[in-house]
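Heads up: the structure comes next, in structure tokens.
Sequence lines set the chain letters: A, B, ... in the order given, protein chains first and strands last, and positions in each chain run from 1.
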Protein chains: 2
Amino acid sequence: MLDSMRQFKAGVFQALGHPTRVAIAECLSRGEMSVSGLSEAVGVEQSNVSQHLAVLRNKYLVETRKDGNQIFYRLRDPLLADVLEKMRQYFFAHMNEAMEVLREEQNGAANAIQEKTP
Amino acid sequence: MLDSMRQFKAGVFQALGHPTRVAIAECLSRGEMSVSGLSEAVGVEQSNVSQHLAVLRNKYLVETRKDGNQIFYRLRDPLLADVLEKMRQYFFAHMNEAMEVLREEQNGAANAIQEKTP
DNA sequence: TGTCAATATGCGAATATTCTAATATAGTAC
DNA sequence: GTACTATATTAGAATATTCGCATATTGACA
């Protein structure tokens, strides 16, 4: 039971664990948006956005509404927006490290890991 | 810049996106713990725990303290505990879906995806 | 009916993650 | 020094994710 809970939570985190999906979730935390709208806002081609939306859908993180030709997506639960907001705070509290993490991920990670060994 | 921010956040989410690492983070949100303590608490063999700790370390989510033979880990920032707490709330608000998600992940996901198509 | 626009899905190659098992490092005690 | 304990790292096979591209589906409209 405790195990299922962790598996579920990990699933949600993993669903949010991609820059494009973070971008999508952030857009949706400000209100519903169509797929083409998301595609433009996030700057990723339609079929790829659709695939990422499928990931979010499979974890029930988003809901949809059909309007004629288009499909509008929204976040399922405001708690998710809260999580994103916490993460925003975390980002600003750790900007310096954030930059370092990103720099390390740019270069080979091999040497970086050495330096971080306790 | 907005992009780096998302990449950073996605990195944090991804680091939390594994059941074992969720379990570790939850343990640490209640206080510091040694590697062997975590290994026992989480029920995963030492070398595997160590690998998961390396993932958390590489994202600066945890800090360490040496005491003689052992190394004690703790969460770097209480904000992370907040994130976990939000996720706990989210889990209880969506238990029913949680169970369904887990059931689907048990079976082949192929047919499940069909049913969730909007 | 046919055509267009919006969205979703299938496929395949490249890449990343995960686990297990073996090995390495570091501290303690004798 | 050796032996023992705690922790970290490496290697390799199995598995999963990601993207681009092609194709399918669905709704609107003439």
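Residue B:R57 places none of its side-chain N or O atoms closer than 4.0 Å to OP1 or OP2 of D:dT7. Phosphate proximity of C:dG27 to B:K66: present, with a side-chain N or O under 4.0 Å from OP1 or OP2. Phosphate contact (OP1/OP2 of C:dC19, side-chain N/O of B:H52, threshold under 4.0 Å): present. OP1 or OP2 of C:dA8 sits under 4.0 Å from a side-chain N or O of A:Y73.
Partners of A:N69 by side chain to side chain donor-acceptor pair (under 3.5 Å), not counting sequence neighbours: none found. Residues passing the ring pair (Phe, Tyr, Trp, His ring centres under 6.0 Å) test with B:F72, sequence neighbours excluded: none. Looking at residues two or more places apart in sequence or on another chain, you find a side-chain contact (heavy atoms from CB on, under 4.5 Å) between B:A81 and B:S29, B:L75.
By the rule that hydrophobic residues join a cluster once side-chain heavy atoms approach within less than 4.5 Å of another member, B:Y90 and A:V55 end up as members of separate clusters. Using a 4.5 Å cut-off between side-chain heavy atoms of Ile, Leu, Val, Met, Phe, Trp and Tyr, with links allowed through other members, B:L53 and B:L80 fall into the same hydrophobic cluster.
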Side-chain donor/acceptor pairs under 3.5 Å, residues 35-42 of chain A, sequence neighbours excluded:
| unit_1 | atom_1 | unit_2 | atom_2 | d |
| --- | --- | --- | --- | --- |
| A:S36 | OG | A:S34 | OG | 3.2 |
| A:S39 | OG | A:V44 | O | 2.6 |

Show every donor-acceptor pair shorter than 3.5 Å between a side-chain atom in residues 8-20 of chain B and any protein atom, with sequence neighbours excluded, or say none if there are none.
| unit_1 | atom_1 | unit_2 | atom_2 | d |
| --- | --- | --- | --- | --- |
| B:K9 | NZ | A:E26 | OE2 | 2.3 |
| B:H18 | ND1 | B:T20 | N | 3.1 |

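Applying the ring-ring contact (aromatic ring centres under 6.0 Å, His included) test to every pair with at least one member in residues 25-50 of chain A, sequence neighbours left out, gives no pairs at all. Within the structure, side chain to side chain donor-acceptor pair (under 3.5 Å) pairs that include any residue of residues 42-51 of chain A comprise A:N48-A:H52 (at least two apart or interchain).
The stretch residues 24-40 of chain A touches DNA chain C through A:S34, A:V35, A:S36, each having a heavy atom under 4.0 angstrom from the strand. For the contact set between residues 12-21 of chain A and DNA chain D, defined by any heavy atom under 4.0 Å, the members are A:Q14, A:H18, A:R21.
Across A:K86 and B:D82, no two heavy atoms sit closer than the pair NZ-OD2, 3.3 Å.
Looking at which nucleotide of DNA chain D each of B:S50 and A:D67 is closest to, the 5′-most match is held by B:S50. Of the residues near DNA chain D, B:A54 and B:N69, the one whose nearest nucleotide (by heavy atom distance) lies more toward the 5' end is B:N69.
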Sub-3.5 Å pairs of nitrogen or oxygen atoms, protein against nucleotides 21-25 of chain D:
| unit_1 | atom_1 | unit_2 | atom_2 | d |
| --- | --- | --- | --- | --- |
| D:dC21 | N4 | A:S47 | OG | 2.9 |

